[in-house]
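None of these values were measured; they are calculated from a predicted model. Heavy atoms only: backbone and side chains are in, while hydrogens, waters and symmetry mates are out.
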Amino acid sequence: MEADFEAGGFPGLTRVHIDGYRSIRDGSFRPGRLSALVGESSAGKSNVLEAIRALLDPTSPPLVPGDVARDGDGTIRVSAEFADGSSSFTAGLPQRRGRSSDSISHTPLFLPADLRSSTLVARSANDSPPHHRAVDILQEALVGRGIDGQPDHLQQGATAAAHGLVDGLEACQTANVTGMVLLIEEPELFLPPQTQRYLYRLLHQLSEADNQIFYSTHSPSFLNVARLDELVLIELRPGEGTRLFQPEALPADQEFVAASEFDASRGELFLARAAVLVEGLTEKLALPFVFRAMGYDADRERISIVECGGKSNIVLAARIAKAVGVPFVALHDRDAPAGKNPNDGERYLNRLIGEIAGEGGRVEMVPDFEGISGLRGHRHKPERAWQRFSTLTADEIPAPLARTVERAMKLAHRSS
């Protein structure tokens, strides 16, 4: 992915390479105007943000022995390329640090999670105008929220400061602040879902106004299914350390469908260890009871049951899951009894799902969910399914649903 910085504008980072820093032995990615770091807790998302800060901010805390990756050569190397063709580089043992002279012009604003209840911004001696202006605006927003930097009442202070973050970034946009590199840990902390969605849009608007933003998140509200190119997937692999991966962007003709069909609940797919892709609400309501009857809990296992809004959208969801490396099972109707062919449209969709998921990655219900569940008619189907499955016992589980759960469990444990 190439960053879309305009000629003559802010020369944002177009490539970041990290070698030997904490859990990251060797990782690189190509950021755009906005990059979302996604992965499980302790996978290394904060290490990526800290490495960018160490590279760009000459006044950031010095490197220490604990920053050196295990099983490395004892050297930390972090480098970046910028849209204007310049580069920045820091390397050395923990006792020394070298840096190219041009990096100070890109000094970032670092907003770590542990300061969300007080000052918001990590200290820096940088005197660049964008940095100081943005810090002043953010601090004014905190004062306006009654926060004086002292976390005397932590929960109240954290909640107010989180809203102060929103106020401050909104004020930065109003003041036309440009030239910022913004590093944020978990912007969703202490915010209700509506405000999370608003803050995500606000971050987008700031990034489009000649700023560059990197953030780590555990919230689907900050993950845009239609913009896979914004994601940097972070995974901690035993024996290998933190790995960084960027999925390919969706084709243009699929972006609108993804944007219109995949809300935050479907965006939960990105944060799952495994997913079950289903056609509609009926299956989504019924499957948790199937997990329970088999002695499992889908939420405990971090298995997302994704209601796709129809069989055709299972195709898109399967492509997205495959692109971001989330293992999945596609559960769908055959829409024809055994021994009879579905109509041309259903046959085409069945074949397409099979091609994307592979035969081991899908379960076909013959003729359909109603048929295997003993539900008659289509009126009030979700309500009747909930009533039918809420009292389900292990010996009453339809075989296709049992296969779905067992496959999802294997996938979740294989990827954990």
Side-chain angles (χ1 to χ4, degrees), residues 3-14 16 31-35 49-50 52-61 80 82-84 86 88 99-150 157 160-187 189 191 195 198-216 222:
D4 57 350
F5 299 100
E6 296 178 3
F10 170 61
L13 289 78
T14 56
V16 174
R33 291 182 178 274
L34 186 145
S35 296
L49 296 177
E50 292 273 14
I52 296 173
R53 184 194 183 197
L55 171 71
L56 299 181
D57 187 352
T59 67
S60 62
F82 300 91
D84 62 0
S86 64
S88 186
R99 174 184 270 110
S100 64
S101 60
D102 62 352
S103 64
I104 192 169
S105 64
H106 303 92
T107 303
L109 218 66
F110 181 47
L111 284 69
D114 60 5
L115 294 183
R116 202 59 46 85
S117 62
S118 54
T119 58
L120 285 182
V121 184
R123 293 182 180 275
S124 174
N126 172 51
D127 59 358
S128 67
H131 185 282
H132 264 191
R133 190 180 183 197
V135 169
D136 289 343
I137 290 173
L138 287 168
Q139 295 306 313
E140 287 175 9
L142 283 183
V143 172
R145 286 277 175 175
I147 303 297
D148 60 2
Q150 301 299 321
H163 286 276
L165 169 65
V166 178
D167 294 342
L169 293 177
E170 197 172 44
C172 285
Q173 181 191 36
T174 301
N176 295 318
V177 174
T178 61
M180 289 192 299
V181 175
L182 194 59
L183 310 174
I184 312 179
E185 283 187 325
E186 301 180 37
L189 289 178
L191 293 175
T195 309
Y198 173 72
L199 179 55
Y200 171 74
R201 294 197 300 273
L202 181 59
L203 291 175
H204 248 286
Q205 292 162 7
L206 283 167
S207 71
E208 292 164 359
D210 240 4
N211 299 291
Q212 189 168 25
I213 299 172
F214 301 80
Y215 63 83
S216 62
F222 288 84

Roughly how far apart are [X] [atom1] and [Y] [atom2], rounded to 0.5 Å?
{"X": "L183", "Y": "E50", "atom1": "CG", "atom2": "CD", "value": "9.0 Å"}
{"X": "L13", "Y": "Q212", "atom1": "CG", "atom2": "CD", "value": "5.0 Å"}
{"X": "I137", "Y": "L169", "atom1": "CD1", "atom2": "CG", "value": "9.5 Å"}
{"X": "I52", "Y": "S88", "atom1": "CD1", "atom2": "OG", "value": "11.5 Å"}

May I ask you to decide if [Y]'s main-chain N or O and [X]'s side chain share a donor-acceptor pair within less than 3.5 Å?
{"X": "E185", "Y": "P112", "value": "no"}
{"X": "Y215", "Y": "F222", "value": "yes"}
{"X": "R133", "Y": "A175", "value": "yes"}
{"X": "N211", "Y": "G179", "value": "yes"}

ask   = Who are the side chain to side chain contact (heavy atoms under 4.5 Å, CB included) partners of Q173, not counting sequence neighbours?
value = L202, Q205, L206

request  = Check whether any side-chain heavy atom of P31 lies under 4.5 Å from a side-chain heavy atom of T14, and answer yes or no.
outcome  = no

inquiry  = Just so I know, are the side chains of Y198 and V166 near enough to count as touching, which here means a heavy-atom distance under 4.5 Å?
reply    = yes

task = Could you pull out all residues at least two apart from F214 that satisfy ring pair (Phe, Tyr, Trp, His ring centres under 6.0 Å)?
result = none

ask   = Is there a side-chain contact (heavy atoms from CB on, under 4.5 Å) between S35 and I213 once you walk through the steps?
value = CA-CA 6 Å; S35 296; I213 299 172; over 6 Å; no

List the atom of [X], the atom of [Y], and the distance in Å for their closest heavy-atom pair.
{"X": "L189", "Y": "A113", "result": "CD1-CB, 3.6 Å"}
{"X": "A141", "Y": "G164", "result": "CB-O, 3.3 Å"}
{"X": "S216", "Y": "P187", "result": "O-CD, 3.2 Å"}

request  = With sequence neighbours excluded, tell me which residues meet side chain to side chain donor-acceptor pair (under 3.5 Å) with E186.
outcome  = none

task = Let me see the working for L109 and V181 under side-chain contact (heavy atoms from CB on, under 4.5 Å), right down to the final yes or no.
result = CA-CA 6 Å; L109 218 66; V181 175; over 6 Å; no

Within residues 162-183 or reaching into it, pairs that qualify as salt bridge (charged side-chain N to carboxylate O under 4.0 Å, His left out) - sequence neighbours excluded = R145-D167

Derivation of the side-chain contact (heavy atoms from CB on, under 4.5 Å) call for L203 and I184 = CA-CA 10 Å; L203 291 175; I184 312 179; 3.9 Å; yes

